[in-house]
Amino acid sequence: MTRLSSKVPSPSVERLKGEAQRLFANRGIDGVTVRDIAKAAGQKNPAAVGYHFGSKEALIRELIVDGAKIIDARRNAQLDALEADGGPTRISQIVNILIYPSVNLAADGETDTYNRFLHMLTMSHRALFDDALEGRWNSGYQRCLEHLRILMPSQSRTIQNQRFIFLESYLGGVLSARETRLGDTSRAHATWSDASTLAHFAATVTWMLEME
């Protein structure tokens with residue numbers, strides 16, 4: 001996964017992170033032990049996770065923040081540019097900012113697993129996810145919601161809140177499914193690899209938010 005920090009992480013730490021995220025994405029965090037992670041990363045010492053991160057939970061928190069920082073920076077940059085140009089006038093503009101910064105997170109030659117990891121995590125450990133963000137690394141998402149409120153004036157606050165709950169679940173579920181299919185190299189996945197699929201997905205999200 002691309003890092004925002006200028007500090008160069010050690011190869012062994014990055015390997016542990018990458019394998020942990022892949023395992024968590026496939027099995028959920030409760031289905032993976034620190035021994036599993038060390039073995040997958042080629043570490044002979046089963047205590048490698050504890051040595052480098054302190055605990056399995058600390059590793060999970062670091063993975064959450066690593067991806068969240070990238071997505072948040074992308075969203076905020078796009079929102080800044082949109083606002084400098086007069087601000088959004090269509091819900092679809094905000095929907096695109098919610099979707100596209102969350103894809104193509106892995107380094108060249110690697111498989112994206114972050115959305116699957118988050119989807120599995122938030123289904124069973126939502127409090128851990130929210131706590132790891134510290135109210136800092138989802139500012140772009142919150143800015144998007146505020147713009148959507150302005151662009152949905154006919155919807156009551158209650159309806160808006162309900163739609164946003166659906167929105168979060170829909171985004172997480174579809175992006176996770178996309179990663180799962182694209183990560184399966186045993187056969188072709190024409191729909192998910194088609195460049196127009198994300199645009200069609202964005203259109204359905206927009207419709208859900210706009211419908212009366």
Please answer: with hydrophobic residues joined when any side-chain heavy atoms are less than 4.5 Å apart, are [X] and [Y] in the same cluster?
| X | Y | result |
| --- | --- | --- |
| Leu198 | Ile70 | no |
| Val103 | Trp137 | no |
| Met152 | Leu82 | yes |
| Leu59 | Val65 | yes |
| Phe117 | Val13 | yes |

Do [X] and [Y] make a side-chain contact, defined as non-hydrogen atoms from C-beta onward lying under 4.5 Å apart?
| X | Y | result |
| --- | --- | --- |
| Asn104 | Asp112 | yes |
| Ile94 | Leu145 | no |
| Ile37 | Phe24 | yes |
| Leu148 | Ile91 | yes |
| Phe201 | Leu175 | yes |

Could I get the full list of side chain to side chain donor-acceptor pair (under 3.5 Å) partners for [X], not counting sequence neighbours?
| X | value |
| --- | --- |
| Ser12 | Ser10 |
| Ser196 | Asp194 |
| Arg163 | none |
| Arg143 | Asn76, Asp80, Glu83 |

* **Derivation and outcome, side chain to side chain contact (heavy atoms under 4.5 Å, CB included), residues Phe129 and Leu118** => CA-CA 8 Å; Phe129 170 69; Leu118 278 195; 3.8 Å; yes
Quick check: does any side chain N or O of [X] sit under 3.5 Å from a backbone N or O of [Y], one acting as donor and the other as acceptor?
| X | Y | result |
| --- | --- | --- |
| Glu62 | Phe53 | no |
| Gln93 | Thr89 | yes |
| Thr113 | Ala25 | no |
| Tyr114 | Ala68 | yes |
| Asp85 | Ala81 | no |
| Glu19 | Leu16 | no |
| Lys56 | Val32 | yes |

* Asked: side chain to side chain donor-acceptor pair (under 3.5 Å) between Asn161 and Arg149: does it pass, once the steps are laid out?
  -> CA-CA 9 Å; Asn161 290 341; Arg149 291 193 188 281; 2.7 Å; yes
For [X] versus [Y], what's the shortest heavy-atom pair and its separation?
| X | Y | answer |
| --- | --- | --- |
| Cys144 | Ile97 | SG-CG2, 3.8 Å |
| Ile64 | Ala132 | CD1-CB, 3.8 Å |
| Met208 | Phe166 | SD-CB, 3.9 Å |
| Asn96 | Pro101 | O-CD, 3.6 Å |

Could you measure the distance from the [atom1] atom of [X] to the [atom2] atom of [Y]? Nearest 0.5 Å is fine.
| X | Y | atom1 | atom2 | answer |
| --- | --- | --- | --- | --- |
| Leu128 | Ile29 | CG | CD1 | 5.5 Å |
| His125 | Glu57 | NE2 | CD | 9.5 Å |
| Ser176 | Leu171 | OG | CG | 12.0 Å |
| Lys69 | Asp66 | NZ | CG | 7.0 Å |
| Asp72 | Gln142 | CG | CD | 9.5 Å |
| Leu151 | His147 | CG | NE2 | 8.0 Å |

[X]: which residues meet the salt bridge (charged side-chain N to carboxylate O under 4.0 Å, His left out) condition with it, sequence neighbours left out?
| X | value |
| --- | --- |
| Arg126 | Asp130, Glu168 |
| Arg35 | none |
| Asp30 | none |
| Arg75 | none |

* **Steps toward side chain to side chain contact (heavy atoms under 4.5 Å, CB included) verdict (Leu167, Val205)** => CA-CA 7 Å; Leu167 169 67; Val205 175; 3.4 Å; yes
* Asked: In the hydrophobic cluster built from side-chain contacts under 4.5 Å, what are the other members alongside Met123?
  ->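 Direct or chained contacts put Met123 with Met120.
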* How would you list all residue pairs meeting side chain to side chain donor-acceptor pair (under 3.5 Å) that involve residues 201-212, not counting sequence neighbours? ->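 Those involving residues 201-212 are Ser154-Glu212, Tyr170-Thr204.
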* Asked: Going by the side chain to side chain donor-acceptor pair (under 3.5 Å) test, which pairs reach into residues 36-51, not counting sequence neighbours?
  ->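 Matches after skipping sequence neighbours: Arg27-Asp36, Thr33-Asp36.
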* To do: Evaluate the side chain to side chain contact (heavy atoms under 4.5 Å, CB included) criterion for residues Leu182 and Thr111: first the C-alpha distance (whole Å), next the side-chain angles of each, then the deciding distance (0.1 Å), finally the verdict.
  => CA-CA 8 Å; Leu182 293 179; Thr111 301; over 6 Å; no
* Can you tell me if Asn115 and Ser102 form a side-chain donor-acceptor pair at under 3.5 Å? ->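 Checked: Asn115/Ser102 side chains show no N/O donor-acceptor pair below 3.5 Å.
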* Write out all pairs satisfying salt bridge (Lys or Arg N to Asp or Glu O under 4.0 Å) with one or both partners inside residues 169-191, taking only residues at least two apart or from two chains. =>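 Found Arg116-Glu179.
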